[in-house]
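What you see is a predicted model; the values in this text were computed from it and never measured.
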Amino acid sequence: MVLDPALVAFAIIVLGAYLVQTAIGFGSMLICVTFGAQFLQLEEVIRWAIPLSFLQTGYIVVRHADGIRWPLLLRRVLPLMALGMAAAFAVLAYVRGPWLGLAFGVMVLVLSARDIRQLRHASEAESERPISLPASIAALFSAGLVHGIYASGGPMLVYAIGREGLGKRDFRSTLSMIWIVLNVILVARFISLDVYQPSDLYRILFLLPAVPLGIVLGEWIHHRVDERRFRMAVLVLLLAAAISLILRYSSQLL
């Protein structure tokens, strides 16, 4: 099989995504999908990126299993996100093509702009202030909805459980367990719909080495670069990529 330049570009994006995930704790799927969709079809990016995520989340869950907050996971997070994913699968039965890409670009634009504003103006105490139960329920349902469509429910999930008072280790372990459960559901759905083809396995294996390399580089950056500035740079890049996606998919609808 001839090596596709777009696939090479996506491998570099995967490396950068897991570099960011390791450095700041989250964001790999959002980065993979946002930047990957610049070179590949949105559906291709999602079905290749999901299996890659098991490498890092599986490592964290195996090594730090005692940090998983099972009561929070089983009583609130997974049931609400599962309902959101069910709604997402219903949406996917009717909405396809450029509309999905345009909606994703708008979502990333809004979330990136919000996070940039918070990072610039909000104090640490404000960013960790607990949210109301209705707001938490809405955020978790929305996270499941977005994850079911784009495999990128992280921003809404972090907003919901990032204010539960979890320690850094418990937060990372709990998030990793959530992604494993939800991504198993997504992969099982893809398999049941015969989405995966033999050529997909080749591409996933080609992309796989980028994950551990990104993790190693992310660890190096984590200890040497100011997290706030690094996070701001990532958000600005996401903002620019979102605008590019909006322009690209809007032109396809004209």
Side-chain angles (χ1 to χ4, degrees), residues 14 17-18 20-22 24-33 43 45-93 104 107 111 131 133 136-196 200-201 204 207-208 211-212 215:
V14 170
Y18 282 93
V20 171
Q21 172 97 0
T22 304
I24 65 176
F26 56 91
S28 61
M29 285 301 298
L30 186 65
I31 291 170
C32 278
V33 177
E43 293 81 1
V45 173
I46 292 171
R47 72 172 184 262
W48 297 343
I50 291 173
L52 298 174
S53 71
F54 292 121
L55 192 61
Q56 187 192 46
T57 54
Y59 168 78
I60 291 171
V61 164
V62 168
R63 186 166 181 180
H64 304 288
D66 58 332
I68 300 171
R69 293 290 188 90
W70 288 106
L72 174 65
L73 205 70
L74 298 175
R75 295 174 189 170
R76 184 143 51 100
V77 176
L78 287 179
L80 287 168
M81 290 192 72
L83 285 174
M85 288 184 74
F89 297 158
V91 170
L92 288 172
F104 183 74
M107 182 193 75
L111 291 174
I131 59 175
L133 181 60
S136 176
I137 290 172
L140 289 171
F141 178 85
S142 300
L145 178 69
V146 172
H147 200 75
I149 299 175
Y150 304 111
S152 304
M156 295 305 296
L157 180 60
V158 169
Y159 173 75
I161 72 169
R163 300 162 185 240
E164 293 286 341
L166 302 182
K168 199 172 181 180
R169 181 171 176 273
D170 291 357
F171 178 77
R172 186 174 68 163
S173 298
T174 302
L175 246 64
S176 295
M177 190 68 238
I178 293 168
W179 299 139
I180 287 176
V181 173
L182 298 184
N183 287 342
V184 164
I185 294 172
L186 288 178
V187 170
R189 179 174 179 270
F190 288 152
I191 292 173
S192 70
L193 295 174
D194 290 326
V195 171
Y196 283 117
D200 289 318
L201 178 60
I204 292 168
L207 296 166
L208 197 60
V211 177
I215 292 171

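The SG atom of Cys32 lies 11.0 Å from the CD1 atom of Ile46; values are rounded to the nearest 0.5 Å. Summarising the geometry, atom CD1 belonging to Ile60 is positioned 10.0 Å from atom CG belonging to Leu55; distances are rounded to the nearest 0.5 Å. Remark: Ile178 CD1 to Ile68 CD1 distance equals 9.5 Å, nearest 0.5 Å. In this structure, OH in Tyr59 is found 8.5 Å from CD1 in Ile215, a value given to the nearest 0.5 Å. A distance of 8.5 Å separates CG in Leu52 from CE in Met29, rounded to the nearest 0.5 Å. Going from atom CG of Leu182 over to atom CE of Met85 covers 5.0 Å, rounded to the nearest 0.5 Å.
Listed here is the closest heavy atom pair of Phe141 and Ala87: CZ-CB, 4.0 Å. Of all heavy-atom pairs between Leu186 and Gly148, the closest is CD2-O, 4.0 Å. Across every non-hydrogen atom of Val146 and Ser152, the tightest pair is CG1-O, 3.4 Å. In terms of heavy atoms, Gly67 sits closest to Thr174 at O-OG1, 3.6 Å. Heavy atoms only, all atoms of each residue included: Gly27 and Gln21 are closest at N-OE1, 3.0 Å. In plain terms, the two heavy atoms of Ala88 and Leu145 that are nearest each other are CB-O, 3.3 Å.
Within the structure, salt bridge (Lys or Arg N to Asp or Glu O under 4.0 Å) pairs that include any residue of residues 57-68 comprise Asp66-Arg169 (at least two apart or interchain).
For the pair Leu140 and Ile161, the minimum side-chain heavy-atom distance is below 4.5 Å. Leu175 is listed as a side-chain neighbour of Val158, based on a closest heavy-atom distance under 4.5 Å. Looking at Tyr196 and Ile204, their side chains come closer than 4.5 Å, going by heavy atoms from C-beta outward. At least one side-chain heavy atom of Ile50 sits under 4.5 Å from a side-chain heavy atom of Phe190. The shortest side-chain heavy-atom distance between Phe104 and Leu30 falls under the 4.5 Å cut-off. The shortest side-chain heavy-atom distance between Gln56 and Thr22 falls under the 4.5 Å cut-off. The shortest distance between side-chain heavy atoms of Met107 and Pro155 does not fall below 4.5 Å.
Within a 6.0 Å radius of CZ in Phe89, other residues, nucleotides and ligands contribute more than 12 heavy atoms.
His147 and Trp179 have parallel rings, their planes meeting at less than 30° on a 0 to 90° scale where 60° marks the start of perpendicular.
Between the side chain of Ser173 and the backbone N or O of His64, at least one donor-acceptor pair lies under 3.5 Å. Looking at Ser192, its side chain does come within 3.5 Å of a backbone N or O of Arg189 through a donor-acceptor pair.
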Open item on the list: side-chain contact (heavy atoms from CB on, under 4.5 Å) for Val187 and Phe54? Distances and angles first, verdict last.
Closed with: CA-CA 11 Å; Val187 170; Phe54 292 121; 4.0 Å; yes

